[in-house]
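The residues of the chain are indexed from 1 along the displayed sequence.
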Amino acid sequence: MTAYQRAGVDISAGEALVSGIKADVQSTWGPEVQGDFGGFAGGIALPPQYRDPVVVMSTDGCGTKAEVARQAGLFDGLGYDLVAACIDDLAAAGAVPLALTDYLTVGRLDVAWATQLISSIAAACRAGGVALLGGETAEHPGVMEPDEFDLAGTAIGVMEKGTGIDGSVMRTGDVVIGLTSPNVRANGFSLIRAGVLPRVGLDSKVEGGTLAEVLLEPSVIYAPAMVEMTRTLEIRGLAHITGGGLVGNVRRILWTGLDARIEVGSWKTPPIFGLIESVAEVDRADMFATFNMGIGFVVVVEKTVAPAAIDVAARHGIGAQPIGTIAAGEGAVRIG
């Protein structure tokens, strides 16, 4: 045993992991990827159709959903949570996601488990149409317990200079379209851990399965649908519903003088949100300020464009419906 192994870091395990994930990682690559697997950095060529390309970046993680996954022993969905968190943010800016790198921190490296987790990231990258260029797996003995871990990623995308979508062209009368999310995705888990799990065990039966299975369902990846929408339709505003819930994220794209009026009864809220609200005794305003409440992405369009936007979402297997309108106001999201 080496001195480094005695200190808690097993380099040979890291090398075994690299060997085990090679095929999965390279399955996300196309001819635009530059460099070899296992190098110090990965590269990707920008698509040739851009005259004045702007590279866009986003960094995110799975938050404390990772801790719930650890407790439940269910990890396969985390790859989708990570990829969605990163590339859907790029899509919300009007960019086309290209590639992602991941960062996995563990107390002790279990090669079989880590291979499973990174394979889920690769599967999500394939679903999202991005290359998994590489990443880093780091052991932190003495800082994290052996079975503790954290997961984060950074994604890059591209858009033509001056074509970003920031809500500045929205007008009163525009339609707010909500793309459905069947689950919690990866936000609000600190509230869930504090308010729900002490009262309802992860193995408890709830509508849809055990509580663990329902909470750990993988996130929908919206980016491919968003890329098609922004390429083919006039989109006036985009919001990825993450931390801050439906209210906080729609507010981010409202300019002075505009409100978003959201009609709650216009979509079906998944049962898990009612359970959280009841068990954790969270008032309705806090629920909308914390969770997606069944709407994972918001698209704002002129009224006549709304049917085409809904059709694009449907082609990607995503439900969508009008959930409100843009009205004169003061930059508020009004839930009614």
>> Could you check whether E263 pairs with R261 (Lys NZ or Arg NE/NH1/NH2 to Asp/Glu carboxylate O, under 4.0 Å)?
In response: no
> Taking atom CG of L90 and atom CD1 of I156, what is their separation to the nearest 0.5 Å?
Replying inline: 9.0 Å
> With a 4.5 Å heavy-atom cut-off, do F273 and N292 have their side chains touching?
Replying inline: yes
> Testing R171, R236, E234 for side-chain contact (heavy atoms from CB on, under 4.5 Å) with E302, which one passes?
Replying inline: R236
> Do F291 and L191 have side-chain heavy atoms sitting under 4.5 Å apart?
Replying inline: yes
>> Is the shortest side-chain heavy-atom distance between V56 and M159 below 4.5 Å?
In response: yes
>> Using 0.5 Å steps for rounding, measure from the CE atom of M226 to the CD1 atom of I221.
In response: 13.0 Å
>> Over 60° means perpendicular and under 30° means parallel, so tell me whether F75 and W113 are parallel, tilted or perpendicular.
In response: perpendicular
>> Looking at D52, I'd like to know if its CG atom is crowded, meaning that more than 12 non-hydrogen atoms belonging to other residues, nucleotides or ligands lie closer than 6.0 Å.
In response: yes
> What heavy-atom pair brings L82 and D60 nearest, and what distance separates the two atoms?
Replying inline: CD1-O, 3.7 Å
> Which atoms form the tightest heavy-atom contact between D102 and L100, and what is the distance?
Replying inline: N-CD2, 4.2 Å
> Can any side-chain N or O of E277 pair as donor or acceptor with the backbone N or O of G274 at less than 3.5 Å?
Replying inline: no
>> Within the 3.5 Å criterion, strictly below it, is a donor on S219 or D81 matched to an acceptor on the partner's side chain?
In response: yes
>> Working to the nearest 0.5 angstrom, can you tell me the gap between Q321 CD and K268 NZ?
In response: 12.0 Å
> Which heavy atom of M170 sits nearest a heavy atom of L254, and at what distance?
Replying inline: CE-CD2, 4.0 Å
> From N187 CG over to N249 CG, what is the distance, rounded to the nearest 0.5 angstrom?
Replying inline: 8.0 Å
>> If only side-chain N and O atoms count, and only distance matters, is there a donor-acceptor pair under 3.5 Å linking R126 with S27?
In response: yes
>> Tell me if a side-chain donor or acceptor on D259 pairs with a main-chain N or O of V333 at a distance below 3.5 Å.
In response: no
> Short question: side chain of T180, backbone of I295 - any donor-acceptor pair under 3.5 Å?
Replying inline: no
> Side chain of E139, backbone of L109: donor and acceptor closer than 3.5 Å?
Replying inline: yes
>> Please give me the minimum heavy-atom distance between A72 and L216, naming the atom from each residue.
In response: CB-CD1, 3.8 Å
> Is the closest basic N to carboxylate O distance between R193 and E67 below 4.0 Å?
Replying inline: no
> Is there a side-chain contact between I272 and N183, using heavy atoms and a 4.5 Å cut-off?
Replying inline: no
> Hey, mind stepping through R252 and H240 against side-chain hydrogen bond (donor to acceptor under 3.5 Å, both in side chains) and telling me if it holds?
Replying inline: CA-CA 10 Å; R252 292 165 68 176; H240 182 201; over 6 Å; no
> Does some side-chain heavy atom of R185 sit less than 4.5 Å from a side-chain heavy atom of K65?
Replying inline: no
> Below 4.5 Å, heavy atoms only, C-beta onward: do I253 and V300 meet side chain to side chain?
Replying inline: yes
>> Checking the side chain of T28 only, and the main-chain atoms of V25 only, is there a donor and an acceptor separated by less than 3.5 Å?
In response: yes
> Do we see a donor-acceptor contact under 3.5 Å between the side chains of D150 and T105?
Replying inline: no
> Quick one: does F288's side chain get under 4.5 Å of D283's, heavy atoms only?
Replying inline: no
> Any chance the side chains of R108 and H140 put a donor and an acceptor closer than 3.5 Å?
Replying inline: no
> At their closest point, which heavy atom of L202 faces which heavy atom of T210, and how far apart are they?
Replying inline: O-CB, 3.7 Å
> Going through the distances and angles, do T101 and T154 end up as a side-chain hydrogen bond (donor to acceptor under 3.5 Å, both in side chains)?
Replying inline: CA-CA 5 Å; T101 59; T154 296; 4.8 Å; no
> In terms of side-chain geometry, is the basic nitrogen of E228 or R315 positioned less than 4.0 Å from the acidic oxygen of its partner?
Replying inline: yes
>> Quick check: closest heavy atoms across P198 and A194, and the distance to 0.1 Å?
In response: CG-O, 3.5 Å
> Is T325 close to V176 at the side-chain level, that is, under 4.5 Å between some pair of heavy atoms?
Replying inline: no
> What is the distance from atom OG of S119 to atom CG of L132, rounded to the nearest 0.5 Å?
Replying inline: 10.0 Å
> About how many Å separate CG of L104 and CD1 of I121, when rounded to the nearest 0.5 Å?
Replying inline: 7.0 Å
>> Test salt bridge (charged side-chain N to carboxylate O under 4.0 Å, His left out) on K303 and D174; report intermediate values, then the result.
In response: CA-CA 6 Å; K303 185 177 181 179; D174 285 347; over 6 Å; no
